[in-house]
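Structure record follows, encoded as structure tokens.
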Amino acid sequence: MVPAGWFLMDSNHFRLKGSRKEYKWCALMLWTPRGLFPVAIEFSPVPGDGETTIGQRLVARALATYGPGFLKVLIMDAGYLDGPWLRE
């Protein structure tokens, strides 16, 4: 059984067909017994908008929407590591 409040966050870069402009998406997904359920998604066309930047915006938006205590455990890759923000 998966404990309540466990989330996975990941992101990726993509380009639209025929375009050189790079976009980035980041998703916050709830971990459930039936698989991952997307709770919030953020898209960014900003060049150089990295995991930490887009991840911070996504988590801040989720906490503003759902309130403190919503995220019990957040699993993410090393691209999001940013000392003080991560501990907060």
Side-chain angles (χ1 to χ4, degrees):
M1 178 157 183
V2 177
W6 283 39
F7 291 85
L8 175 72
M9 184 166 65
D10 202 6
S11 62
N12 204 349
H13 296 271
F14 69 97
R15 289 189 182 122
L16 298 175
K17 187 175 181 179
S19 172
R20 292 181 184 250
K21 188 170 184 179
E22 188 173 87
Y23 298 85
K24 186 168 192 75
W25 62 263
C26 184
L28 181 66
M29 298 164 280
L30 176 65
W31 188 359
T32 75
R34 293 184 172 217
L36 296 171
F37 180 79
V39 173
I41 298 174
E42 178 106 8
F43 292 93
S44 177
V46 180
D49 203 0
E51 278 88 359
T52 301
T53 308
I54 197 169
Q56 287 176 351
R57 284 197 314 260
L58 182 62
V59 169
R61 197 175 86 222
L63 291 176
T65 302
Y66 301 111
F70 176 68
L71 296 169
K72 304 279 189 254
V73 173
L74 179 57
I75 301 167
M76 59 187 145
D77 65 34
Y80 297 100
L81 297 179
D82 181 29
W85 174 75
L86 183 61
R87 285 188 287 281
E88 185 179 319

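Numbers for residues simply follow the sequence, beginning at 1. Keep in mind that the numbers below use all heavy atoms, side chains included, and drop hydrogens, waters and symmetry copies. Remember, it's a predicted structure, so these values are computed and weren't measured experimentally.
Contacts classified as salt bridge (Lys or Arg N to Asp or Glu O under 4.0 Å) and involving residues 28-39 (residues at least two apart or in different chains) are not found.
Phe7 is listed as a side-chain neighbour of Val39, based on a closest heavy-atom distance under 4.5 Å.
Nearest heavy-atom pair, Trp31 versus Leu36, reported as atom, atom and distance to 0.1 Å: CA-CD2, 3.9 Å. Closest non-hydrogen pair, Cys26 versus Met9, comes out as SG-CG, 3.7 Å. Looking at every heavy atom in both residues, Pro38 comes nearest to Met29 through CA-CG, 3.9 Å. Residues Thr32 and Phe37 share a closest heavy-atom pair of CG2-CB, 4.4 Å.
Note that the CH2 atom of Trp25 and the CG atom of Leu58 stand 10.5 Å from one another [nearest 0.5 Å]. Here the CE-CG distance, from Met76 to Asp10, works out to 11.5 Å after rounding to the nearest 0.5 Å. Atoms CG and CG, on Leu28 and Leu8 in that order, are 8.5 Å from each other to the nearest 0.5 Å.
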List the atom pairs, with distances to 0.1 Å, where a side-chain N or O of residues 60-72 and a protein N or O form a donor-acceptor pair under 3.5 Å, not counting sequence neighbours.
unit_1: Arg61; atom_1: NH1; unit_2: Glu42; atom_2: OE1; d: 2.7
unit_1: Arg61; atom_1: NH2; unit_2: Ile41; atom_2: O; d: 3.1
unit_1: Thr65; atom_1: OG1; unit_2: Arg61; atom_2: O; d: 2.8
unit_1: Lys72; atom_1: NZ; unit_2: Gly69; atom_2: O; d: 2.7

(request) Determine, step by step, whether Leu30 and Trp6 satisfy the side chain to side chain contact (heavy atoms under 4.5 Å, CB included) criterion, reporting the C-alpha distance in whole Å, the side-chain angles of both residues, the deciding distance to 0.1 Å, and the verdict. (result) CA-CA 6 Å; Leu30 176 65; Trp6 283 39; 5.9 Å; no
